[in-house]
Amino acid sequence: MNVQRSFASEEAGVLYLVATPIGNLDDITVRCLNTLREVDVIACEDTRQTRKLLNHFQIEKRTVSYHEHNKEASGNGLLQWLAEGKKIALVSDAGLPAISDPGADLVRDATAAGFPVIPVPGANAALTALIASGLPTDRFVFCGFMGRENKERREELERLKRYSETLIFYEAPHRVEKTLAAMREVWGNRRAVLARELTKRYEEFVRGTLDELLEWLRSGEVRGEFCVIVEGNTGPLEAEVDDSWWQSLSIVEHVDHYCAQGMGKKEAIKQAADDRNVSKRDVYNEYHRE
């Protein structure tokens, strides 16, 4: 058995994973503040964002950039500092680092090299939204951000379709309506919750079915990052309804439905053919015969 153990010492370099507030600055912990004051350097997703936090708490500390686009080069530099005995805090813009934010690669490499990695816990948007959602909290799956392409998003939704656990997503304001529409199409009209501006002055939870949430999204301007909490699959009846949503549509209406969701015509024809378990050529010919 290959068991790896690591312990912090006065001489060893240490990587601290430090949670930062997701909105309300008062949510930072005393331990997080003490860690930020004591380390040699703070690796940030966005140094400007972290500098606001440090200035608020009057912390003077060197910061370096560590984000999705430079994580390989920056990560190598951080590992070198750890080898030199430096103590490093890794932070994201908000919440826990390495959760839908950079950090997992650095943790993997640091642990593989034998450096101690110490979590300094705190706020997390997904769990904050879940516990106030009103949906089951005993079992859940965190899914993060959905794929941006229609095909990728649909494949992911199909994979998650049978999950009975409560499902948690993050989504940007300009994509949230399209994402909920795709969920409604693949999963049926499940219960769901939209949470935004968590811990801030205008914190808001919108609860209802996917149809009701879509109506709410279309009724006004959408702002802020969202946590989307959706109930899991509740039984075979829901699956049967989901699988037959297109049966009353003609082939032309079926293809046009996907086109209206943002698919290209070629992709829409392929998806309609997959739904109906017929060849793409048959759907293509029927669609262009009209």
Between [X] and [Y], what is the shortest heavy-atom contact and its length?
X: Gly208; Y: Leu213; answer: N-CD2, 4.0 Å
X: Tyr66; Y: Gly103; answer: CE2-N, 3.8 Å
X: Leu96; Y: Gly122; answer: CD2-N, 4.1 Å
X: Pro97; Y: Val18; answer: CD-O, 3.5 Å
X: Gly232; Y: Arg190; answer: C-NH1, 3.5 Å
X: Gly13; Y: Pro116; answer: O-CD, 3.2 Å

Test side-chain contact (heavy atoms from CB on, under 4.5 Å) applied to Glu149 - qualifying residues, sequence neighbours left out
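If we apply the side-chain contact (heavy atoms from CB on, under 4.5 Å) test to Glu149, skipping adjacent residues, the hits are Glu152.
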In chain order, what residues pass the side chain to side chain donor-acceptor pair (under 3.5 Å) check against [X], with sequence neighbours excluded?
X: Arg281; value: none
X: Arg62; value: none
X: Gln80; value: Glu84

Which residue pairs pass the side-chain hydrogen bond (donor to acceptor under 3.5 Å, both in side chains) test when at least one of the two sits in residues 116-136, sequence neighbours left out?
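Listed by first then second residue: nothing to list.
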Check: [X] side chain, [Y] main-chain N or O, donor-acceptor pair, under 3.5 Å:
X: Lys61; Y: Val39; value: yes
X: Thr199; Y: Asn24; value: yes
X: Gln271; Y: Ala268; value: no
X: Ser74; Y: Asn70; value: no
X: Asp27; Y: Ala123; value: no
X: Glu45; Y: Asp93; value: yes
X: Asn189; Y: Leu210; value: yes
X: Thr50; Y: Thr47; value: no

Going by atom type alone, with no hydrogens or angles, which donor-acceptor pairs under 3.5 Å involve a side-chain atom of residues 221-229 and a protein atom two or more places apart or on another chain?
{"residue": "Glu221", "atom": "OE1", "partner": "Arg223", "partner atom": "NH2", "Å": "3.4"}
{"residue": "Glu221", "atom": "OE2", "partner": "Arg223", "partner atom": "NE", "Å": "3.2"}
{"residue": "Glu221", "atom": "OE2", "partner": "Arg223", "partner atom": "NH2", "Å": "3.4"}

Side-chain donor-acceptor distances from residues 165-172 under 3.5 Å, at least two apart:
{"residue": "Thr166", "atom": "OG1", "partner": "Pro136", "partner atom": "O", "Å": "2.7"}
{"residue": "Tyr170", "atom": "OH", "partner": "Ala126", "partner atom": "N", "Å": "3.1"}
{"residue": "Glu171", "atom": "OE1", "partner": "Arg175", "partner atom": "NE", "Å": "3.1"}
{"residue": "Glu171", "atom": "OE1", "partner": "Arg175", "partner atom": "NH2", "Å": "3.3"}
{"residue": "Glu171", "atom": "OE2", "partner": "Thr179", "partner atom": "OG1", "Å": "2.8"}

Find out whether [X] and [Y] are in side-chain contact, i.e. whether some heavy atom of one side chain is under 4.5 Å from a heavy atom of the other.
X: Glu185; Y: His257; answer: yes
X: Ile28; Y: Phe57; answer: yes
X: Tyr163; Y: Val141; answer: yes

Which residue is it: Ile118, Leu78, Leu106? I am looking for the one with a side-chain contact (heavy atoms from CB on, under 4.5 Å) to Leu15.
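Exactly one candidate clears the test, Leu106.
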Can you tell which of Thr35, Ile42, Asp46 makes a side-chain contact (heavy atoms from CB on, under 4.5 Å) with Val91?
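Result for side-chain contact (heavy atoms from CB on, under 4.5 Å) with Val91: Ile42.
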Just by distance, no angles: are the side chains of Arg31 and Asn34 close enough, under 3.5 Å, to form a donor-acceptor pair?
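Arg31 vs Asn34: no donor-acceptor pair found between side chains.
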Evaluation steps, salt bridge (charged side-chain N to carboxylate O under 4.0 Å, His left out), between Glu155 and Arg159:
CA-CA 6 Å; Glu155 287 175 351; Arg159 181 180 65 82; over 6 Å; no
Looking at residues at least two apart in the chain, or sitting in another chain, which of them share a salt bridge (Lys or Arg N to Asp or Glu O under 4.0 Å) with [X]?
X: Arg196; result: Glu204
X: Glu253; result: none
X: Lys270; result: Asp274
X: Glu177; result: Arg218

Applying side-chain contact (heavy atoms from CB on, under 4.5 Å), run through Leu180 and Arg184 and close with a yes or a no.
CA-CA 6 Å; Leu180 260 62; Arg184 173 65 176 92; over 6 Å; no
For the [atom1] atom on [X], are there more than 12 heavy atoms of other groups (residues, nucleotides or ligands in this structure) within a distance under 6.0 Å?
X: His174; atom1: NE2; result: yes
X: Arg148; atom1: CZ; result: no
X: Glu215; atom1: CD; result: no

Quick one, Cys143 with Leu160, criterion side-chain contact (heavy atoms from CB on, under 4.5 Å). Give me CA distance, side-chain angles, the key distance, then yes/no.
CA-CA 9 Å; Cys143 306; Leu160 295 169; 3.8 Å; yes
Does His254 have any ring pair (Phe, Tyr, Trp, His ring centres under 6.0 Å) partners at least two apart in sequence or in another chain, and if so, which?
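Ring pair (Phe, Tyr, Trp, His ring centres under 6.0 Å) list for His254, sorted by chain: Trp245, Trp246, Tyr258.
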